[in-house]
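Before any comments, here is the structure.
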Amino acid sequence: MAQCVQSVQEFIQDSFVPMVAVLCSEDAEKLTRKNNLNFSELLRPFCRLTSEGHMRDPNNQVQVVKNLRISVNNVVTRPSVPASGVPGHAHRRLLSEVVLTCQPAEGGVANVITAGDYDLNISDRSLKASVPWYSDWRDTLTELSTSKHYTATTPWFEAYRESFLQSMPASDHEFLNHYLACLLVVSSSEAVPVEKFLKLSQEQHRIQHSGEYTNPKWFIPNTLKYYVLLHDMSQGDEQRADSVYEDMKQRYGAQGCYLLKVNSRTAAAGADEQIPDPWSQYLHKNSLQSQDPAPVVVNNTAVENNVGGTSEVDGHDSEEKDGVLVNSLDNTHPLQLDTPSDTPGSLDALRAVAVETKPPPIATGVAAATSHGACLTLNDHDRIRLFIQEFTFRGLLPHIEKNIRQLNDQLVSRKGLSRSLFSATKKWFGGGKVPEKSIAELKNTSGLLYPPEAPELQIRKMADLCFLVQLYDLAYSCYHTAKKDFLSDQAMLYAAGALEMAAVSAFLQVGAPRPYPAHYMDTAIQTYRDVSKNMILAERCALLSAEVLKSQAKYSDAATLLIKMTSEDSDLRSALLLEQAAHCFINMRNPMVRKFAFHMILAGHRFSKAGQKRHALRCYCQAMQVYKGKGWSLAEDHINFTIGRQSFTLRQPENAVTAFRHILTNDSQQTSTQQGAFLREYLYVYKNVTGACEVALPQLPLPCINSSATRVYFGHERRLAEGEKQAATHVSLDQEFDRDLAAMWQDLEEQVVAAAKRGVVPATFQPTQCCLNSQTDNLRFPLAVVEEPIIVEVVFRNPLKVPLVLSDLSLLWKFTLKDFNRPQPQEDSVGDAVAISNEKEASVPRVRKDDVIATEVIPEFYLSPEETKLARLKLLPHQTGQLNILGLVYNLASTSSTGDTTINSPSAAEGTSVRGRQDLEIQGPRLNQTKEEKTSVSHGPDRRLDPTITPPMPLLEVFFLQFPTALLCGEIRKAYVEFCNVSRVTLCGLRVASTHPDFFTFGSSSLATPLTPLSPTSFENCSAYKTLATPPGATPGSVAAVTLVSEGDFGSGIGLRGGGVSGTGGKGITEIPLGEGTLKPGESTQLPLWLRGPDQEGVHEIHFLFYYESAEQGGKISHRVLRHTVFICASRSLSVRATACRSNTLPEEEEERNGSMLVFVDVENINSSEAGVREFHIAQVSSSSKQWRLHKCINPAEDKDCKLTSRERGKLCFRATRCKPLQAFPFLSMSGVSSPQIITSTTPCADFFFRRCQPLESLRPPVAMETQGRHSRSQGVGHGGGAKDIAGVVRKCNEVDLDIIILWKAFVVEDNKQVILEGQLHVALQTIDKEACSLTQKEEAQEMVLLKFKPELPPPMTRPSMEQLSHLIKTNLQYPESYSHPFNQKSLCMVPVTLTLSNCSLAQVDVIIDLRHKTTSPESLEVHGSFTWLGQTQFKLQLGAQEVMRVQLQACFLHAGVYNLGTPRVFAKLADQGAMCETSQQTATPALIIIINST
């Protein structure tokens, strides 16, 4: 049970107190009415004695009476409760009002005990419990059961119990509530007060002894009469009052009368002074005792709780129970859910409730409207208190003591026993106990009545007297004796009364000499209820026993007892007892939390049937704390549904809406029919709530909105392809967000912005985000453009198993006007700060503020059961300013539950549609930068729904024509691109960045290209290349036209060769040529676009980013971008391998500074036959270099056609000659294989050549190479340069900077037609004798390496290899091929030979020529004869950079024959490397000479 304010001893003592009757004269009654009180009400607050009383027991021992309270009541001859034990209508009604007026205090400070998971806010306290309940609960509940401070209280139960006990009817089988004395009150203003006293005394005697009245009951025939003279101090004569009092003392004795002086002031004077009013708390008890059948309405809560106060509710007959009209439909199991919607049920009930719960006129009782004791002072209070004390100590207690002695003497004399019952107790109880028979064995003798003088009743009367004055030992003995007598006579009603009081007396005995006989109480309750059919006595007995058991911590027994007392005859009693039983379960040593919750549900159900709606709501709310979040969804639904109904009934719409919201938003396991019923009731409640207050749109819980998944798109939806035009993909809501792609687009945008801003990215740069979602950066206000739509994509989820229909769905926004064209200081002016919202317009469908922001309305949006669906809502701003998208507004309706999903039918949403809103509240990312943010949970802003509307900007649309999806590797294809300005602002600064800048070109805008005569065939064949007419008479393959071009004409700003503004990774920026540099509003332009297939086969994803600016500078948005992504499937075409070899022949004398080399080009057709390519033709080979040019093709004439079918390979050989180095311009030479020649120095050949992707090690600026060469010469080679200089010099010696361009044609059969495709491949030759390929080799998979955490030492300087050092000097022997000599005439033949040494490096080289080397190989001796060099056999020379030196030698032959002159060995080393040994240079090819004998 809940904690009570009183202890159990105090409660029992106050339940049984001496009863005193009052008879007042009319004048005395008028005198007390000045204070709005009658005499008994005047005394009631002072009836508890503050001092101890004393009396002697029959053994003449002085006994102390502590904390005694008496009950003073007017004499009423008509009973309020019939003796039959069935409470009457008035009694039930008044008890109901007592409970109704005592509600839990709201807003009190809660004391929280933390003990785990459960948080039980019981009444005005808080309590936490845990699972398992035997852990933390044990300590918590031990404290709970022993402490008053933390235990929940139920004051309504205490008020009910007190009122119930005080209104107990007087019965004949007991005397506890019989009157012991009568106060006769007469006013001193009476003419003859003594005569009035005599009349009142005679009236009392007539009432008691005439036999006309059965009520009130009197304890003993000789009732104590106490004479009270009431004197009005403000009006009466005090001397006369004193004289009358003296006469009374002479007549009635000093202990039998009293002079009470009251009303020391007038009511008018009392209004100025505040005197305490102790009577107000007793007035409801007064109304209960007044026996007035008229209803007393305490306040309007009585009407609020009894909403069914009509003759018919919900179409069902109602019955009267506990004084209120209760709907018989509620007589169902408390956990039974509502009836289905197809039966007369819930929705009609709520409608009836809404009709009947109109605000009643507020009626206030007398207690609340008037003040009391206005004529009484504090001295008067003390006089009344003293009067009660004098009456009790000098009149009542002596009277009781005398009667106890008399009864004791009578019993002793009648029984023939000893002088005192005390000495006989042992004899009576020592032996010969009568075995108690069970109730079933006893016959129904409850109608047995004893005469008043019966000794059994005298024993009971003595026991009651002893109990009233706290003589519990003697009382127990008498009750026990009477119990045996009654049981022997089978007087069960009398026996039950004796058992009840014997048990209470045993409990109240000081020192507790014997245990509490709980079985006495159980027997008494069973007898009252089953035999005597007296539920009032049974209820009293249960209340007493439960309190005793609770005080002994026997909560389980107390709960069992209370539950047994529940019945169908009184819902109010059952509700209160079930609630107390629930508190017993929570107070047990091992608390039963679920039993607590279950019995609170039962109590709430009975409270509801009793008309106590507020208490019912409280019980359900307390139980909900246990069931919430534990997976008992059906129980949660029932509780929430009941809470919603009760709250709606009590005019608490917010609580009702909250409860219904839980039913609908949780993952319910109800059937679709039940969910439909829930939804309709919820909509009906919502409609009534919104109808009562039209201030703002209510928040709707359905459907569920995933706010974080909301996406916002800024801009027009892109037009689809129109005919052959293919629109740029850009960004759309249909695309999934990819973080890597977003980073790539941001990188591209940074590059193009840097190119547009002269190489520097502005500090205020922010990447363009057209579509915002939960993964984008939403910390800043996004920028939108006026007159461009804003599309918000919202994710709806229907959690129910029934469909939902949303109608008139639109966005809710707030807008603040701002003029961004005005100066900045005026931006915060008062005129701009006016906020405009469409909230008021949104409450009425189809009324919008389209002049500021046009709001799209979706007429109908259907959500299937448990469906997740997207809705895209559009806003079109017409003015600049700050926009805040707040949420959504719509009408929510449910369809019929019969399965008919025809949402167009008017009956679907008729009458059950409500208009409300849902806010889009998006939580930003968690902040985790500073220490404070890491130690706390704080989130940053998410401003995706707060765009800033900026002034107009240009808007570009891009279309592609004849754009392919598949290409051969290196294939050149011409397409067209169309740029359209669809805005009202001029567009300029159009640029494009791409992840594959080598894939496309817009052509060269330079005029430096020489005007050469073009071949007509370039137009006839629709070739992408420009061709040059072949001069007449020229042999194909022998012409090598040379054109000087600038790399900046084709690759400026691309950065692929080291010049211009380049981004990371070789991504370039291209300016798109427009007519006047701008694109005016509504204009469009079409430009050619050349495409080249990627060098690697496969599917390539190519991204374009078009950048443009507004011609009007200074806007909030500096630029705009347009994205486009294409997928190109590349198929294999040709594989080209090239090798450069040094030529051994020396050029003519005038070209002594220049060298020559041979270039071998190996071309293989690697195309697969599935591509439909029949054959490839090598159309032309061109070169590009700053130092070399192709001279001529030296292939045999029959291979000039060079056709390659599948898997065929062809080989071409070219001679390359060195030309004078130029620092700024490369050469493009053309060496045609076929005619006519293609002009490779123009678009698109030159563009793709300069845009080609090269390995990183080859991206060396040519200018830097020339600079390094001159630097080496200026430093000189004799000053001891380091190893780095040596490596550089040697590398330059072997380096070739020559690029080969292979132009081909492919004959493809498509749809039985032959199509000619063109393409070009590039090969970069870097080093002599090192093969280069047009296809980059695939990198081998790298093996896993160990991680190294220590910094590695820098690699040591690498010295040139022996192979590199062997190419420093190129040698050549010049001699006659044959020489005739007459050996017969001269035996020695001497032939002059010239050895030419050419320094290939850019440094001085020391050379040693050794002629002493002879071939010792026998094979070579057999082939070549032996000869001897004459003259100096060893030379030491020094050659300058690229110097050519000739050394004259003589060879001596003895015989005719074939000789190899290539025997000289040449050693070389760099001149500044003294410690380095000379390295043998590569030997020349065999130099054969034929010696002929001329004879």
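The shown structure was predicted, so the numbers you read here are calculated from the model rather than taken from an experiment. The first residue of the sequence shown is numbered 1, and numbering continues consecutively from there. Basis for what follows: all heavy atoms, side chains included, without hydrogens, waters or symmetry-related copies.
- Checked by atom type and distance alone, the side chain of Gln726 never pairs as donor or acceptor with a backbone atom of Phe963 at under 3.5 Å.
- Between Ser994 and Phe1000 there is a side-chain heavy-atom pair separated by less than 4.5 Å.
- At distances below 3.5 Å, not a single donor-acceptor pair connects side-chain atoms of Ser1084 with backbone N or O atoms of Cys980.
- A donor-acceptor pair shorter than 3.5 Å cannot be found between the side chains of Thr1085 and Glu1083.
- Heavy atoms only, all atoms of each residue included: Arg944 and Asn773 are closest at NH1-C, 3.6 Å.
- Remark: Gln1086 CD is packed, more than 12 non-hydrogen atoms of other residues, nucleotides or ligands lying under 6.0 Å away.
- Side chain of Arg1092 to backbone of Gln1320: a donor-acceptor contact under 3.5 angstrom is found.
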For this session: Begin with the C-alpha distance, continue with both residues' side-chain angles, and end with the deciding distance and a verdict on side-chain contact (heavy atoms from CB on, under 4.5 Å) for His730 and Leu1122.
Result: CA-CA 6 Å; His730 195 48; Leu1122 177 67; 3.2 Å; yes
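- Taken to the nearest 0.5 Å, the OG1 atom of Thr948 stands 13.0 Å off from the CZ atom of Arg780.
- Between the side chain of Thr880 and the main chain of Ile949, no donor-acceptor pair closer than 3.5 Å is present.
- No more than 12 heavy atoms of other residues, nucleotides or ligands shown are found within 6.0 angstrom of NZ on Lys1330.
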For this session: Output, in order, the C-alpha distance, side-chain angles, deciding distance and verdict of side-chain contact (heavy atoms from CB on, under 4.5 Å) for Val958 and His1124.
Result: CA-CA 9 Å; Val958 179; His1124 180 57; over 6 Å; no
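- The aromatic rings of Phe979 and Phe1106 lie perpendicular to each other, with more than 60° between the two planes, well past the 30° mark.
- Within 6.0 Å of CZ in Arg984 there are 12 or fewer heavy atoms belonging to other residues, nucleotides or ligands.
- Phe1104 and Phe960 have tilted rings, their planes meeting at an angle from 30° to 60° on a 0 to 90° scale.
- With Gln882 contributing its side chain and Pro947 its backbone, the two residues share a donor-acceptor pair below 3.5 Å.
- Asp1095 contributes atom CG, which lies 6.5 Å from atom CG of Leu1321 (distance to the nearest 0.5 angstrom).
- Between Gly940 and Leu927, the shortest heavy-atom contact is N-CG, 3.5 Å.
- Thr995 contributes a side-chain N or O that, together with a main-chain N or O of His1103, makes up a donor-acceptor pair within less than 3.5 Å.
- Between Thr1125 and Thr729, the shortest heavy-atom contact is N-OG1, 3.0 Å.
- For the pair Thr1070 and Pro997, the minimum side-chain heavy-atom distance is 4.5 Å or more.
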For this session: List the steps, then state whether side-chain contact (heavy atoms from CB on, under 4.5 Å) holds for Ile1302 with Ser1334.
Result: CA-CA 10 Å; Ile1302 310 296; Ser1334 63; over 6 Å; no
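- Of all the heavy atoms in Gln769 and Phe714, the pair that sits closest is O-CD1, 4.1 Å.
- No side-chain heavy atom of Thr965 sits under 4.5 Å from any side-chain heavy atom of Phe1127.
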For this session: Begin from the C-alpha positions of Phe765 and His1119 and carry the test side-chain contact (heavy atoms from CB on, under 4.5 Å) through to its verdict.
Result: CA-CA 10 Å; Phe765 166 75; His1119 67 277; 4.1 Å; yes
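- Counting only heavy atoms from C-beta outward, the side chains of Leu990 and Leu956 approach each other to under 4.5 Å.
- Annotation: the span from Gln775 atom CD to Glu736 atom CD amounts to 9.5 Å, rounded to 0.5 Å.
- Sequence neighbours left out, the pairs with a member in residues 955-964 that pass salt bridge (charged side-chain N to carboxylate O under 4.0 Å, His left out) are Arg719-Glu957.
- In this structure the side chain of Val1136 never reaches within 4.5 angstrom of the side chain of Trp1304, judged on heavy atoms.
- The structure places CD of Glu971 at 11.5 Å from CG of Leu1134, a figure rounded to the nearest 0.5 Å.
- Not a single donor-acceptor pair under 3.5 Å links the side chain of Ser1184 to the backbone N or O of Asp1299.
- No side-chain donor-acceptor contact under 3.5 Å links Thr776 to the backbone of Asn778.
- Val785 has its side chain within reach of Arg1120: a pair of non-hydrogen atoms, C-beta onward, lies under 4.5 Å apart.
- Between Phe959 and Val977 the shortest side-chain heavy-atom distance does not fall below 4.5 Å.
- Side-chain atoms of Asp740 never come within 3.5 Å of backbone atoms of Met744 as a donor-acceptor pair (strictly under, hydrogens ignored).
- Between Glu1101 atom CD and Leu741 atom CG the span is 6.0 Å, to the nearest 0.5 Å.
- For Pro954 against Tyr1108, the heavy-atom pair with the smallest separation is O-CE1, 3.3 Å.
- Between Glu749 atom CD and Gln766 atom CD the span is 10.0 Å, to the nearest 0.5 Å.
- Contact of the His996 side chain with the Pro1094 side chain is not registered, since no non-hydrogen atoms from C-beta on lie closer than 4.5 Å.
- Between Tyr713 and Cys771, the closest heavy-atom pair is CD1-CB, 4.2 Å.
- The main-chain N or O of Lys1080 is never found under 3.5 Å from a side-chain atom of Thr1078 such that the two would form a donor-acceptor pair.
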